[in-house]
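To keep things clear, I will list the structure first and then write my remarks on it.
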2 protein chains.
Amino acid sequence: MTATSGLRADAARNRRLLLDAAAAEFAEHGADVSISRIAARAGIGKGTVFRHFATKERLLAAVFNDRIEDLIATGRRLLEAADPRAALLEFMVAGAGLRIGDRSLCQSAASIARTEADVRDATLRLAEVAEALTARARETRAVRADVTGHDIVLLVGAVSQATAPLGDAVPGLWRRYLHLMFAGLDPSVETPLPVPPPVPADFAP
Amino acid sequence: MTATSGLRADAARNRRLLLDAAAAEFAEHGADVSISRIAARAGIGKGTVFRHFATKERLLAAVFNDRIEDLIATGRRLLEAADPRAALLEFMVAGAGLRIGDRSLCQSAASIARTEADVRDATLRLAEVAEALTARARETRAVRADVTGHDIVLLVGAVSQATAPLGDAVPGLWRRYLHLMFAGLDPSVETPLPVPPPVPADFAP
DNA sequence: CTTTAAGCGGACCGGACGGTCAGGTTAGGT
DNA sequence: ACCTAACCTGACCGTCCGGTCCGCTTAAAG
């Protein structure tokens, strides 16, 4: 998680309260919630927020990082699974589910990654895990040969972003589209795909 | 387009300038650009903007409506095309291309539709066209039987939203994912799809 | 040309936001 | 018990935004 060592007891406690409140508030209302609101929810003063995170972006980055790290852990665990195809699908479901439940993740992940080095790093590590899972699925002919890890991450982002606004009203809608997309990865329909120039390493839709 | 009758000559001219500037500015910088910026680009005063559109949302709605109307026209024309499969794909390409080139369309289409009646109407008419095109494709077995017009609109939105932030850096990336998605619609892989409760008629991701 | 109402524009307002700071508070070592 | 540095706080600042308003301009009818 996030470093709390070397902090005074009250500071460490406030940091926890702050991170929890921020995560909840970002998830419910998106990345545009005001710092004051978050501070109020955490039950601390506004100034305290800026003592822990110099800028709003850094706070966002910290919350993002925790979530991404969780997903990376899930991906790593799934690398040991027996069925590569099921593992890849489960990874995609996990990723989409994470984003569906968090409005902020569906917005500015990309722009934050561009300015905050740690988010960028986590994103790159996530990409590696996605590529590893995809490679396993490719080798067993579970998905078409020209599908990459980048494709997976991007497609999961696509489904999440599109269905998130309806996510509350139509529960499970995103699962439909995730499965529809997964069907498109099937090797039985090997229609040629346009191959664009390589994606810059810092993607994160 | 937008009504200009009954206006004084200068008013009509300014309205054109305003709509053009707003469309360009929204497309380039998203729906969050300030009214002052748009006014400056149009070469008119800020107050004049509010004379023509009482609120920022109404201006956004007017710009949106023009674009959506264009897409509806394209869809209607494609209903006459010989090959239903190619027609549907072309419709999807048109929709995605429209959104890729316009940052604002990838953001708040849904929220605007919720508050502005005219956008809501246009969106519904667009949905009808999408459904008609999809029905034709379904009848000729060009796509799987359980795909709806809503699916098409939502999937196009998904691809657009996910690739738009990279759209400038990696041209043509969205085409790759649109084709990948289209492969998923192929009837050859008729894996069962989760069927969520019906989507509320006002969708527009 | 005169008249008049429609149109124009930019100073202005209220409010929200991110971020700062001076002054009070407290944890925790000695 | 005491001291000090770390910490907390909320009033405050500058900025920007959407929206209003009123004095000036101008199209265009008679």
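In what follows, every heavy atom counts, from backbone to side chain, and hydrogens, waters and symmetry copies are set aside. Small disclaimer: the values here were computed from a predicted structure and weren't measured. Labels below follow one simple rule: chain letters A, B, ... track the order of the sequence lines, proteins then strands, and each chain is numbered from 1.
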Quick check for you: among [options], whose closest atom lies nearest to any side-chain atom of [X]?
{"X": "A:Ala11", "options": "D:dG18, C:dG19, D:dC8", "result": "D:dC8"}
{"X": "B:Arg8", "options": "C:dG7, D:dG19, C:dG18", "result": "C:dG7"}
{"X": "A:Thr48", "options": "D:dC8, D:dA28, C:dG18", "result": "D:dC8"}

To the nearest Å, give me how far apart [atom1] ([X]) and [atom2] ([N]) are.
{"X": "A:Leu18", "N": "D:dC7", "atom1": "CG", "atom2": "C1'", "result": "14 Å"}
{"X": "A:Leu59", "N": "C:dG18", "atom1": "CG", "atom2": "P", "result": "10 Å"}
{"X": "A:Arg13", "N": "C:dT26", "atom1": "CZ", "atom2": "P", "result": "11 Å"}
{"X": "A:Leu17", "N": "D:dC7", "atom1": "CG", "atom2": "C1'", "result": "15 Å"}
{"X": "A:Lys56", "N": "C:dG18", "atom1": "NZ", "atom2": "C1'", "result": "8 Å"}
{"X": "A:Glu57", "N": "C:dG19", "atom1": "CD", "atom2": "C1'", "result": "14 Å"}
{"X": "A:Leu7", "N": "C:dT26", "atom1": "CG", "atom2": "P", "result": "19 Å"}
{"X": "A:Leu60", "N": "C:dC17", "atom1": "CG", "atom2": "P", "result": "15 Å"}

### Task
Identify which one of B:Asp151, B:Thr148, B:Val153, B:Ile152 satisfies the side chain to side chain contact (heavy atoms under 4.5 Å, CB included) criterion when paired with B:Glu131.
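When side chain to side chain contact (heavy atoms under 4.5 Å, CB included) is applied between B:Glu131 and each of B:Asp151, B:Thr148, B:Val153, B:Ile152, only B:Thr148 qualifies.
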OP1 or OP2 of [N] under 4.0 Å from side-chain N/O of [X]:
{"X": "A:Asn14", "N": "D:dC7", "answer": "no"}
{"X": "B:His52", "N": "C:dC8", "answer": "yes"}
{"X": "A:Arg51", "N": "D:dC7", "answer": "yes"}

*Test: B:Arg37 and B:Glu28 ion pair at under 4.0 Å*: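 No, B:Arg37 and B:Glu28 are not salt-bridged.
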Notebook entry, point to check: Is the shortest distance from a Lys or Arg side-chain nitrogen in B:Arg16 or B:Asp20 to a carboxylate oxygen in the other one below 4.0 Å?
Noted result: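 Answer for the salt bridge query: yes.
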Checklist entry - Counting only heavy atoms not in A:Arg103, do more than 12 fall under 6.0 Å of its CZ? => result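 Not more than 12 within 6.0 Å, no.
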Check your understanding: Is any side-chain heavy atom of B:Leu59 closer than 4.5 Å to a side-chain heavy atom of B:Leu19?
Key ->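 Yes - at least one pair of side-chain heavy atoms lies under 4.5 Å apart.
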- Item | From B:Phe64 atom CZ to B:Asp118 atom CG, the distance as rounded to the nearest 0.5 Å |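 It comes to 11.5 Å.
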Kindly state which residues belonging to residues 29-47 of chain A come within less than 4.0 angstrom of DNA chain C, counting heavy atoms of the residue only, listed by number.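 When residues 29-47 of chain A is checked for heavy atoms under 4.0 Å from DNA chain C, the hits, listed by number, are A:Val33, A:Ser34, A:Ile35, A:Lys46.
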With side chain to side chain contact (heavy atoms under 4.5 Å, CB included) as the criterion, how do B:Leu18 and B:Thr48 come out once you've worked through the C-alpha distance, each side chain's angles and the decisive distance to 0.1 Å? CA-CA 9 Å; B:Leu18 168 56; B:Thr48 308; over 6 Å; no
